[in-house]
Amino acid sequence: MMFSSLRTLLSLACLLLSIAAFTPLSDDALRALPSAGADFDIHNGDILAPILIPRVPGTPGSTLVQTHFAQWFATHLPNWKIEYQNSSSKTPATGDKLVPFVNFVITRDPPWTKPGEVGRLALVAHYDSKLTPPGFIGATDSAAPCAMIMHAARSVDEALTKKWAAMEAEGLTGLEEEKGVQILFLDGEEAFHTWTDDDSLYGARALAESWESTPHAAMSTYHNMLSSITLFLLLDLLGAEKPRITSYFKTTHWAYQHLALIESRMRTLELLESKVDHPFLPETDKDPDTFNMGWGIQDDHVPFMARGVEILHIIPSPFPTVWHTAEDDAEHLHMPTVEDWAKIVTAFLAEWMDLEGFMPTKAEAESRMKEKRSTSSRKTELSN
(Lines give C-alpha, C1' and ligand atoms only; values in the text may rest on other atoms or scores of the structure.)
Protein backbone atom coordinates (compact mmCIF):
# COMPACT_ATOMS: atom_id res chain seq x y z
CA MET A 1 0.00 0.00 0.00
CA MET A 2 2.85 2.40 0.87
CA PHE A 3 4.63 1.71 -2.44
CA SER A 4 1.35 2.18 -4.32
CA SER A 5 0.80 5.56 -2.64
CA LEU A 6 4.38 6.57 -3.41
CA ARG A 7 3.94 5.72 -7.10
CA THR A 8 0.73 7.75 -7.16
CA LEU A 9 2.46 10.76 -5.61
CA LEU A 10 5.38 10.48 -8.05
CA SER A 11 3.02 10.30 -11.01
CA LEU A 12 1.09 13.33 -9.75
CA ALA A 13 4.30 15.26 -9.21
CA CYS A 14 5.43 14.51 -12.77
CA LEU A 15 2.04 15.61 -14.12
CA LEU A 16 2.28 18.92 -12.25
CA LEU A 17 5.84 19.43 -13.46
CA SER A 18 4.75 18.80 -17.05
CA ILE A 19 1.97 21.37 -16.73
CA ALA A 20 4.36 23.94 -15.31
CA ALA A 21 7.15 23.23 -17.81
CA PHE A 22 5.41 24.45 -20.97
CA THR A 23 7.76 26.78 -22.85
CA PRO A 24 5.92 28.87 -25.46
CA LEU A 25 7.42 29.02 -28.92
CA SER A 26 8.59 32.43 -30.01
CA ASP A 27 6.78 34.21 -32.83
CA ASP A 28 9.72 33.42 -35.10
CA ALA A 29 9.52 29.73 -34.21
CA LEU A 30 5.79 29.71 -34.97
CA ARG A 31 6.46 31.40 -38.31
CA ALA A 32 9.05 28.74 -39.13
CA LEU A 33 6.72 25.77 -38.57
CA PRO A 34 6.63 23.86 -41.85
CA SER A 35 3.51 23.39 -43.90
CA ALA A 36 2.66 19.86 -45.01
CA GLY A 37 2.11 21.16 -48.53
CA ALA A 38 2.44 18.45 -51.17
CA ASP A 39 2.56 15.73 -48.50
CA PHE A 40 -1.15 16.37 -47.89
CA ASP A 41 -2.09 16.19 -51.56
CA ILE A 42 -5.16 13.96 -51.64
CA HIS A 43 -4.10 12.16 -54.83
CA ASN A 44 -0.38 11.49 -54.43
CA GLY A 45 0.77 13.13 -51.19
CA ASP A 46 3.42 11.16 -49.35
CA ILE A 47 1.57 11.26 -46.01
CA LEU A 48 -2.17 11.59 -46.59
CA ALA A 49 -3.03 9.96 -49.93
CA PRO A 50 -2.14 6.36 -48.93
CA ILE A 51 -4.58 6.56 -45.99
CA LEU A 52 -7.51 7.75 -48.13
CA ILE A 53 -8.75 4.27 -48.98
CA PRO A 54 -11.28 1.92 -47.37
CA ARG A 55 -9.44 0.32 -44.43
CA VAL A 56 -11.88 -1.91 -42.57
CA PRO A 57 -10.03 -4.09 -40.03
CA GLY A 58 -8.85 -7.40 -41.45
CA THR A 59 -9.13 -6.31 -45.10
CA PRO A 60 -6.41 -5.69 -47.72
CA GLY A 61 -7.01 -1.94 -47.43
CA SER A 62 -6.17 -2.05 -43.75
CA THR A 63 -2.97 -3.95 -44.50
CA LEU A 64 -1.96 -1.36 -47.10
CA VAL A 65 -2.35 1.46 -44.58
CA GLN A 66 -0.40 -0.49 -41.96
CA THR A 67 2.40 -0.94 -44.50
CA HIS A 68 2.30 2.78 -45.28
CA PHE A 69 2.73 3.66 -41.60
CA ALA A 70 5.58 1.21 -41.11
CA GLN A 71 7.48 2.29 -44.21
CA TRP A 72 6.91 6.02 -43.69
CA PHE A 73 8.18 6.02 -40.11
CA ALA A 74 11.13 3.80 -40.99
CA THR A 75 12.07 6.20 -43.80
CA HIS A 76 11.43 9.59 -42.20
CA LEU A 77 11.67 8.97 -38.45
CA PRO A 78 14.16 6.11 -37.94
CA ASN A 79 14.82 7.14 -34.32
CA TRP A 80 11.22 6.40 -33.36
CA LYS A 81 10.51 2.91 -32.01
CA ILE A 82 7.65 1.10 -33.79
CA GLU A 83 5.73 -1.59 -31.93
CA TYR A 84 2.52 -3.45 -32.69
CA GLN A 85 -0.19 -4.61 -30.31
CA ASN A 86 -2.30 -7.36 -31.85
CA SER A 87 -5.67 -8.71 -30.81
CA SER A 88 -8.65 -10.39 -32.41
CA SER A 89 -12.37 -10.50 -31.78
CA LYS A 90 -15.64 -11.76 -33.13
CA THR A 91 -17.92 -9.03 -34.49
CA PRO A 92 -21.65 -8.84 -35.28
CA ALA A 93 -20.79 -8.68 -38.99
CA THR A 94 -18.47 -11.70 -39.08
CA GLY A 95 -20.16 -14.21 -36.79
CA ASP A 96 -17.69 -16.73 -35.39
CA LYS A 97 -14.85 -15.48 -37.59
CA LEU A 98 -12.16 -13.64 -35.64
CA VAL A 99 -11.20 -10.24 -37.03
CA PRO A 100 -7.57 -9.14 -36.43
CA PHE A 101 -6.89 -5.68 -34.99
CA VAL A 102 -3.45 -4.07 -35.12
CA ASN A 103 -2.57 -1.04 -33.00
CA PHE A 104 0.54 0.96 -33.91
CA VAL A 105 2.60 2.28 -30.98
CA ILE A 106 5.36 4.65 -32.12
CA THR A 107 7.57 6.17 -29.42
CA ARG A 108 10.47 8.55 -29.03
CA ASP A 109 12.01 8.94 -25.58
CA PRO A 110 15.22 10.61 -24.37
CA PRO A 111 18.02 8.18 -25.31
CA TRP A 112 19.34 7.78 -21.76
CA THR A 113 16.04 6.75 -20.18
CA LYS A 114 14.65 3.36 -19.21
CA PRO A 115 11.08 2.05 -19.36
CA GLY A 116 9.04 3.42 -16.49
CA GLU A 117 11.04 6.65 -16.23
CA VAL A 118 9.34 8.63 -19.01
CA GLY A 119 6.00 10.45 -18.96
CA ARG A 120 4.63 10.77 -22.47
CA LEU A 121 2.32 12.96 -24.47
CA ALA A 122 0.24 10.47 -26.47
CA LEU A 123 -0.99 11.71 -29.86
CA VAL A 124 -3.87 9.43 -30.78
CA ALA A 125 -6.17 8.73 -33.74
CA HIS A 126 -7.91 5.67 -35.10
CA TYR A 127 -7.00 4.56 -38.60
CA ASP A 128 -9.74 2.07 -39.43
CA SER A 129 -12.79 2.94 -41.50
CA LYS A 130 -16.42 1.82 -41.26
CA LEU A 131 -17.74 -1.27 -42.96
CA THR A 132 -20.73 0.71 -44.26
CA PRO A 133 -21.61 2.51 -46.44
CA PRO A 134 -19.73 0.44 -49.07
CA GLY A 135 -16.45 2.07 -50.06
CA PHE A 136 -16.51 4.43 -47.08
CA ILE A 137 -13.24 6.40 -46.85
CA GLY A 138 -13.51 8.30 -43.59
CA ALA A 139 -11.33 11.23 -44.61
CA THR A 140 -12.12 13.18 -41.45
CA ASP A 141 -12.78 9.89 -39.62
CA SER A 142 -9.80 9.61 -39.21
CA ALA A 143 -7.40 9.62 -42.17
CA ALA A 144 -6.70 13.34 -41.87
CA PRO A 145 -6.04 13.22 -38.09
CA CYS A 146 -3.50 10.43 -38.66
CA ALA A 147 -1.77 12.58 -41.28
CA MET A 148 -1.73 15.60 -38.94
CA ILE A 149 0.02 13.56 -36.25
CA MET A 150 2.59 12.20 -38.73
CA HIS A 151 3.39 15.71 -39.93
CA ALA A 152 3.73 16.98 -36.35
CA ALA A 153 6.12 14.18 -35.41
CA ARG A 154 8.34 14.82 -38.41
CA SER A 155 8.31 18.56 -37.77
CA VAL A 156 9.77 18.23 -34.24
CA ASP A 157 12.06 15.25 -34.78
CA GLU A 158 15.23 17.20 -35.50
CA ALA A 159 14.60 19.54 -32.57
CA LEU A 160 14.22 16.57 -30.20
CA THR A 161 17.57 15.23 -31.38
CA LYS A 162 19.23 18.61 -30.85
CA LYS A 163 17.73 19.17 -27.41
CA TRP A 164 18.64 15.75 -26.07
CA ALA A 165 22.16 15.91 -27.53
CA ALA A 166 22.69 19.29 -25.86
CA MET A 167 21.42 17.95 -22.53
CA GLU A 168 23.82 15.01 -22.71
CA ALA A 169 26.74 17.26 -23.67
CA GLU A 170 26.04 19.60 -20.73
CA GLY A 171 25.46 16.81 -18.23
CA LEU A 172 21.83 17.79 -17.67
CA THR A 173 20.27 14.37 -18.01
CA GLY A 174 18.10 13.19 -15.14
CA LEU A 175 17.76 16.64 -13.57
CA GLU A 176 14.16 17.23 -14.67
CA GLU A 177 11.12 15.11 -15.39
CA GLU A 178 11.72 12.87 -18.39
CA LYS A 179 9.33 13.56 -21.25
CA GLY A 180 8.72 11.58 -24.41
CA VAL A 181 6.25 11.38 -27.27
CA GLN A 182 4.06 8.46 -28.19
CA ILE A 183 1.84 8.05 -31.24
CA LEU A 184 -1.06 5.61 -31.01
CA PHE A 185 -2.79 4.68 -34.26
CA LEU A 186 -5.67 2.55 -33.06
CA ASP A 187 -7.57 -0.05 -35.03
CA GLY A 188 -11.22 -1.05 -34.73
CA GLU A 189 -12.75 2.16 -33.36
CA GLU A 190 -15.79 1.89 -35.60
CA ALA A 191 -18.73 -0.41 -34.90
CA PHE A 192 -19.32 -3.20 -37.41
CA HIS A 193 -23.09 -3.05 -36.92
CA THR A 194 -24.41 -0.78 -34.15
CA TRP A 195 -22.35 1.06 -31.55
CA THR A 196 -22.37 -0.85 -28.26
CA ASP A 197 -19.84 -1.50 -25.52
CA ASP A 198 -18.87 -4.72 -27.32
CA ASP A 199 -19.16 -3.52 -30.93
CA SER A 200 -16.76 -0.56 -30.91
CA LEU A 201 -13.32 0.46 -29.70
CA TYR A 202 -11.85 -3.00 -30.36
CA GLY A 203 -8.24 -1.85 -30.53
CA ALA A 204 -8.48 0.72 -27.74
CA ARG A 205 -10.07 -1.77 -25.35
CA ALA A 206 -7.39 -4.38 -26.06
CA LEU A 207 -4.51 -1.93 -25.67
CA ALA A 208 -5.77 -0.33 -22.44
CA GLU A 209 -6.34 -3.74 -20.87
CA SER A 210 -2.92 -5.01 -21.95
CA TRP A 211 -1.06 -1.95 -20.70
CA GLU A 212 -2.86 -1.93 -17.38
CA SER A 213 -1.74 -5.50 -16.70
CA THR A 214 1.90 -5.03 -17.80
CA PRO A 215 3.90 -3.45 -14.94
CA HIS A 216 7.18 -1.61 -15.17
CA ALA A 217 10.00 -2.51 -12.82
CA ALA A 218 9.43 -1.99 -9.09
CA MET A 219 9.94 1.60 -7.93
CA SER A 220 9.61 3.00 -11.45
CA THR A 221 8.26 6.53 -11.62
CA TYR A 222 5.37 5.22 -13.70
CA HIS A 223 4.14 1.78 -12.65
CA ASN A 224 2.82 0.71 -16.08
CA MET A 225 2.40 1.93 -19.65
CA LEU A 226 -0.97 3.51 -18.87
CA SER A 227 0.37 5.67 -16.05
CA SER A 228 3.21 6.76 -18.37
CA ILE A 229 0.64 8.68 -20.44
CA THR A 230 0.72 12.20 -19.04
CA LEU A 231 -1.91 13.39 -21.54
CA PHE A 232 -3.92 11.39 -24.08
CA LEU A 233 -4.54 13.86 -26.93
CA LEU A 234 -7.17 12.26 -29.16
CA LEU A 235 -7.92 13.70 -32.60
CA ASP A 236 -11.08 12.65 -34.43
CA LEU A 237 -13.41 13.96 -37.16
CA LEU A 238 -11.03 16.78 -38.11
CA GLY A 239 -10.75 18.20 -41.62
CA ALA A 240 -14.13 19.84 -42.23
CA GLU A 241 -14.45 23.61 -42.46
CA LYS A 242 -15.13 25.75 -39.36
CA PRO A 243 -15.00 23.09 -36.63
CA ARG A 244 -16.12 23.97 -33.13
CA ILE A 245 -14.32 22.01 -30.43
CA THR A 246 -15.79 21.75 -26.94
CA SER A 247 -13.64 21.49 -23.82
CA TYR A 248 -15.05 18.23 -22.53
CA PHE A 249 -13.14 17.55 -19.31
CA LYS A 250 -12.47 19.85 -16.37
CA THR A 251 -9.20 18.17 -15.42
CA THR A 252 -7.63 18.88 -18.82
CA HIS A 253 -9.16 22.28 -19.48
CA TRP A 254 -5.69 23.74 -18.89
CA ALA A 255 -4.43 21.80 -21.93
CA TYR A 256 -7.43 22.90 -24.00
CA GLN A 257 -6.66 26.51 -23.06
CA HIS A 258 -3.05 26.05 -24.09
CA LEU A 259 -4.06 24.64 -27.47
CA ALA A 260 -6.52 27.52 -27.89
CA LEU A 261 -3.80 30.04 -27.07
CA ILE A 262 -1.62 28.54 -29.81
CA GLU A 263 -4.49 28.89 -32.30
CA SER A 264 -5.08 32.50 -31.21
CA ARG A 265 -1.40 33.43 -31.53
CA MET A 266 -1.14 31.83 -34.96
CA ARG A 267 -4.24 33.64 -36.21
CA THR A 268 -2.90 36.93 -34.89
CA LEU A 269 0.36 36.29 -36.73
CA GLU A 270 -1.65 35.35 -39.87
CA LEU A 271 -0.05 31.92 -40.01
CA LEU A 272 -3.28 29.94 -40.48
CA GLU A 273 -4.99 29.50 -43.83
CA SER A 274 -8.62 28.94 -42.83
CA LYS A 275 -11.09 31.81 -42.66
CA VAL A 276 -13.36 31.43 -39.65
CA ASP A 277 -16.11 33.31 -37.85
CA HIS A 278 -15.20 31.63 -34.54
CA PRO A 279 -12.03 29.96 -33.26
CA PHE A 280 -11.63 26.21 -33.64
CA LEU A 281 -11.34 26.15 -29.82
CA PRO A 282 -13.78 28.78 -28.49
CA GLU A 283 -14.31 27.65 -24.86
CA THR A 284 -11.24 29.07 -23.14
CA ASP A 285 -13.39 30.78 -20.48
CA LYS A 286 -15.73 27.86 -19.85
CA ASP A 287 -17.49 27.96 -16.48
CA PRO A 288 -16.03 25.21 -14.25
CA ASP A 289 -19.57 24.26 -13.20
CA THR A 290 -20.65 23.43 -16.76
CA PHE A 291 -18.37 20.45 -17.38
CA ASN A 292 -20.10 17.11 -17.80
CA MET A 293 -18.75 14.46 -15.43
CA GLY A 294 -19.34 11.59 -17.90
CA TRP A 295 -17.22 10.17 -20.74
CA GLY A 296 -18.04 12.99 -23.16
CA ILE A 297 -18.45 11.73 -26.72
CA GLN A 298 -17.88 7.97 -26.95
CA ASP A 299 -14.51 7.41 -28.60
CA ASP A 300 -11.17 5.66 -28.22
CA HIS A 301 -10.39 7.51 -25.00
CA VAL A 302 -13.07 5.69 -22.98
CA PRO A 303 -11.09 2.53 -22.01
CA PHE A 304 -8.12 4.72 -21.05
CA MET A 305 -10.16 7.29 -19.13
CA ALA A 306 -11.84 4.46 -17.21
CA ARG A 307 -8.35 3.53 -15.98
CA GLY A 308 -7.42 7.04 -14.86
CA VAL A 309 -5.66 8.46 -17.93
CA GLU A 310 -6.10 12.22 -18.49
CA ILE A 311 -7.85 12.97 -21.79
CA LEU A 312 -7.91 15.96 -24.14
CA HIS A 313 -10.51 15.09 -26.77
CA ILE A 314 -10.31 17.17 -29.94
CA ILE A 315 -13.52 16.31 -31.77
CA PRO A 316 -16.05 18.79 -33.21
CA SER A 317 -19.49 19.28 -31.76
CA PRO A 318 -21.60 19.18 -33.83
CA PHE A 319 -19.98 16.52 -36.01
CA PRO A 320 -19.12 17.35 -39.65
CA THR A 321 -22.10 17.09 -41.98
CA VAL A 322 -20.33 14.30 -43.89
CA TRP A 323 -20.07 12.10 -40.78
CA HIS A 324 -20.57 8.40 -41.57
CA THR A 325 -21.67 9.13 -45.14
CA ALA A 326 -20.05 8.37 -48.49
CA GLU A 327 -19.22 12.08 -48.74
CA ASP A 328 -16.60 11.80 -46.01
CA ASP A 329 -14.02 11.43 -48.75
CA ALA A 330 -10.87 13.17 -49.94
CA GLU A 331 -12.71 15.70 -52.09
CA HIS A 332 -14.76 16.93 -49.11
CA LEU A 333 -11.75 17.70 -46.93
CA HIS A 334 -11.23 21.42 -46.38
CA MET A 335 -7.50 21.50 -46.93
CA PRO A 336 -6.80 24.91 -45.32
CA THR A 337 -8.39 23.55 -42.14
CA VAL A 338 -6.40 20.31 -42.39
CA GLU A 339 -3.17 22.29 -42.77
CA ASP A 340 -4.07 24.54 -39.85
CA TRP A 341 -4.76 21.64 -37.50
CA ALA A 342 -1.41 20.11 -38.46
CA LYS A 343 0.40 23.35 -37.53
CA ILE A 344 -1.53 23.79 -34.27
CA VAL A 345 -0.79 20.21 -33.19
CA THR A 346 2.87 20.65 -34.17
CA ALA A 347 3.16 23.79 -32.05
CA PHE A 348 1.47 22.10 -29.08
CA LEU A 349 3.87 19.15 -29.32
CA ALA A 350 6.90 21.44 -29.61
CA GLU A 351 5.84 23.47 -26.58
CA TRP A 352 5.05 20.36 -24.54
CA MET A 353 8.54 19.06 -25.25
CA ASP A 354 10.17 22.46 -24.47
CA LEU A 355 11.72 22.80 -27.91
CA GLU A 356 11.97 26.59 -28.03
CA GLY A 357 15.51 27.37 -29.20
CA PHE A 358 15.88 23.99 -30.89
CA MET A 359 13.27 24.23 -33.65
CA PRO A 360 14.73 24.88 -37.12
CA THR A 361 14.50 28.29 -38.74
CA LYS A 362 12.08 28.74 -41.62
CA ALA A 363 14.85 28.32 -44.21
CA GLU A 364 16.20 25.22 -42.43
CA ALA A 365 12.73 23.69 -42.14
CA GLU A 366 11.98 24.23 -45.83
CA SER A 367 15.36 22.80 -46.85
CA ARG A 368 14.91 19.71 -44.65
CA MET A 369 11.39 19.17 -45.99
CA LYS A 370 12.58 19.30 -49.61
CA GLU A 371 15.41 16.89 -48.81
CA LYS A 372 13.09 14.37 -47.11
CA ARG A 373 10.52 14.56 -49.91
CA SER A 374 13.28 13.99 -52.46
CA THR A 375 14.54 10.97 -50.51
CA SER A 376 11.02 9.56 -50.27
CA SER A 377 10.45 10.10 -53.99
CA ARG A 378 13.69 8.27 -54.92
CA LYS A 379 12.79 5.31 -52.69
CA THR A 380 9.32 5.16 -54.25
CA GLU A 381 10.81 5.13 -57.74
CA LEU A 382 13.25 2.36 -56.81
CA SER A 383 10.43 0.22 -55.36
CA ASN A 384 8.31 0.49 -58.53
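Counting begins at 1 with the first residue of the sequence.
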**Q.** Rounded distance (nearest 0.5 Å) linking atom CD1 of Ile149 with atom OH of Tyr127
**A.** 13.5 Å
Q.
Salt bridge check, Arg55 against Asp187: does any charged N sit closer than 4.0 Å to a carboxylate O?
A. no
Q | Side-chain donor or acceptor of Arg108 paired with backbone N/O of Asp157 under 3.5 Å | A | yes
Q: Would you verify whether the NZ or CZ of Arg120 falls within 45 degrees of the ring axis of Tyr222 while also being under 6.0 Å from that six-membered ring's centre?
A: no
Q.
Check for me whether the distance between the ring centres of His313 and His301 falls short of 6.0 Å.
A. yes
Q.
Within the 3.5 Å criterion, strictly below it, is a donor on Glu339 or Ser35 matched to an acceptor on the partner's side chain?
A. yes
Q.
One pair to check against side-chain contact (heavy atoms from CB on, under 4.5 Å): Ile314 and Asp236. What are the steps and the verdict?
A. CA-CA 6 Å; Ile314 304 301; Asp236 200 357; over 6 Å; no
Q) Taking Thr214 for the side chain and Trp211 for the main chain, is one N or O donor matched with an acceptor at less than 3.5 Å? A) no
(Q) Quick check: closest heavy atoms across Leu235 and Ser142, and the distance to 0.1 Å? (A) O-OG, 4.1 Å
(Q) Just checking Asp96: does its CG atom have more than 12 heavy atoms from other residues, nucleotides or ligands closer to it than 6.0 angstrom? (A) no
Q. After noting the C-alpha distance and the side-chain angles of Met150 and Leu48, does the key distance pass the side-chain contact (heavy atoms from CB on, under 4.5 Å) rule?
A. CA-CA 9 Å; Met150 294 165 74; Leu48 179 57; over 6 Å; no
Side-chain atoms of residues 318-329: list all donor-acceptor pairs with protein atoms under 3.5 Å, sequence neighbours left out, distances to 0.1 Å.
unit_1 : atom_1 : unit_2 : atom_2 : d
His324 : NE2    : Asp141 : OD2    : 3.3
His324 : NE2    : Glu190 : OE1    : 3.2
Thr325 : OG1    : Val322 : O      : 2.8
Thr325 : OG1    : Glu327 : N      : 3.2
Asp328 : OD1    : Ala139 : N      : 3.2
Asp328 : OD1    : Thr140 : N      : 2.9
Asp328 : OD1    : Thr140 : OG1    : 3.2
Asp328 : OD2    : Thr140 : OG1    : 3.0
Asp329 : OD1    : Glu331 : N      : 3.4
Asp329 : OD1    : His332 : N      : 3.1
Asp329 : OD1    : His332 : ND1    : 2.6

Q | Distance in Å, Lys275 NZ paired with His334 NE2, rounded so as to fall on 0.5 Å steps | A | 10.0 Å
Q. Between Phe185, Phe69, Phe73, Trp72, which is the residue that forms a ring-ring contact (aromatic ring centres under 6.0 Å, His included) with Phe104?
A. Phe69
Q. Which heavy-atom pair separates Ala32 from Pro360 by the least distance, and what is that distance?
A. CB-O, 3.5 Å
**Q.** Euclidean distance, Gln182 CD relative to Leu123 CG, rounded to 0.5 Å
**A.** 9.5 Å
Q) How far apart are the C-alpha atoms of Tyr202 and Phe192, what are their side-chain angles, what is the distance that settles it, and do they pass the ring pair (Phe, Tyr, Trp, His ring centres under 6.0 Å) test? A) CA-CA 10 Å; Tyr202 292 90; Phe192 281 76; 5.6 Å; yes
**Q.** Test: Arg31 and Asp28 ion pair at under 4.0 Å
**A.** yes
(Q) Around atom CD of Gln298, are there more than 12 heavy atoms from other residues, nucleotides or ligands closer than 6.0 Å? (A) yes
Q) Can His43 and Asp41 be counted as having a side-chain donor-acceptor contact under 3.5 angstrom? A) no
Q) Between CG of Asn292 and OG of Ser247, what distance do you get to the nearest 0.5 Å? A) 12.0 Å
(Q) Apply side-chain contact (heavy atoms from CB on, under 4.5 Å) to residues Glu310 and Thr230 and explain how you reach the verdict. (A) CA-CA 7 Å; Glu310 293 288 348; Thr230 311; over 6 Å; no
(Q) Can you confirm if the aromatic rings of Phe304 and Phe232 lie within a centre distance of less than 6.0 Å? (A) yes
Q.
I'd like to know if the side chain of Thr91 and the backbone of Thr94 have a donor-acceptor N/O pair within less than 3.5 Å.
A. yes
Q. Do any N or O atoms from the side chain of Lys343 and from the backbone of Leu30 form a donor-acceptor pair under 3.5 angstrom?
A. no
Q: Working to the nearest 0.5 Å, report the span between OG1 of Thr107 and CE of Met225.
A: 6.0 Å
(Q) Salt bridge check, Glu263 against Arg265: does any charged N sit closer than 4.0 Å to a carboxylate O? (A) no
Q. If you measure from OG on Ser264 to CG on Leu281, what distance do you get to the nearest 0.5 Å?
A. 10.5 Å
Q) What's the shortest heavy-atom distance between Ile245 and Pro282, and which atoms? A) O-CD, 3.3 Å
**Q.** Connected-component partners of Leu261 among ILVMFWY, side-chain separation under 4.5 Å
**A.** none
Q: In plain terms, say whether Glu209 and Arg205 are close enough for a salt bridge, that is, a side-chain N and a carboxylate O under 4.0 Å apart.
A: no
Q.
Pairing donors with acceptors under 3.5 angstrom, does anything connect the side chains of Gln66 and Ser62?
A. yes
**Q.** N/O donor-acceptor pair under 3.5 Å between His151 side chain and Pro34 backbone
**A.** yes
(Q) Applying side-chain contact (heavy atoms from CB on, under 4.5 Å) to Lys286 and His253, what does each step give before you reach the verdict? (A) CA-CA 9 Å; Lys286 188 167 183 173; His253 186 55; 4.0 Å; yes
Q) Asn224 side chain to His216 main-chain N or O, any donor-acceptor pair under 3.5 Å? A) no
**Q.** Side-chain (Asp46) to main-chain (Asp39) donor-acceptor, under 3.5 angstrom
**A.** no
(Q) Just checking Asp285: does its CG atom have more than 12 heavy atoms from other residues, nucleotides or ligands closer to it than 6.0 angstrom? (A) no
(Q) How close do Phe280 and Ser274 get, counting heavy atoms only, and between which atoms? (A) CZ-OG, 3.4 Å
Q: In plain terms, say whether Lys179 and Asp109 are close enough for a salt bridge, that is, a side-chain N and a carboxylate O under 4.0 Å apart.
A: no
(Q) Whether the Glu241 and Thr337 side chains hold a donor-acceptor pair (N or O, under 3.5 Å, no angle test) is what I'd like checked. (A) no
(Q) Assess whether a salt bridge exists between Lys162 and Glu158, defined as any Lys/Arg side-chain N lying under 4.0 Å from an Asp/Glu carboxylate O. (A) yes
Q.
Please check this pair: side chain of Tyr248 against backbone of Ile311, looking for a donor-acceptor N/O pair closer than 3.5 Å.
A. no
Q. Of the non-hydrogen atoms in Ser210 and Gln85, which two are nearest, and what is the gap between them?
A. CB-NE2, 4.0 Å
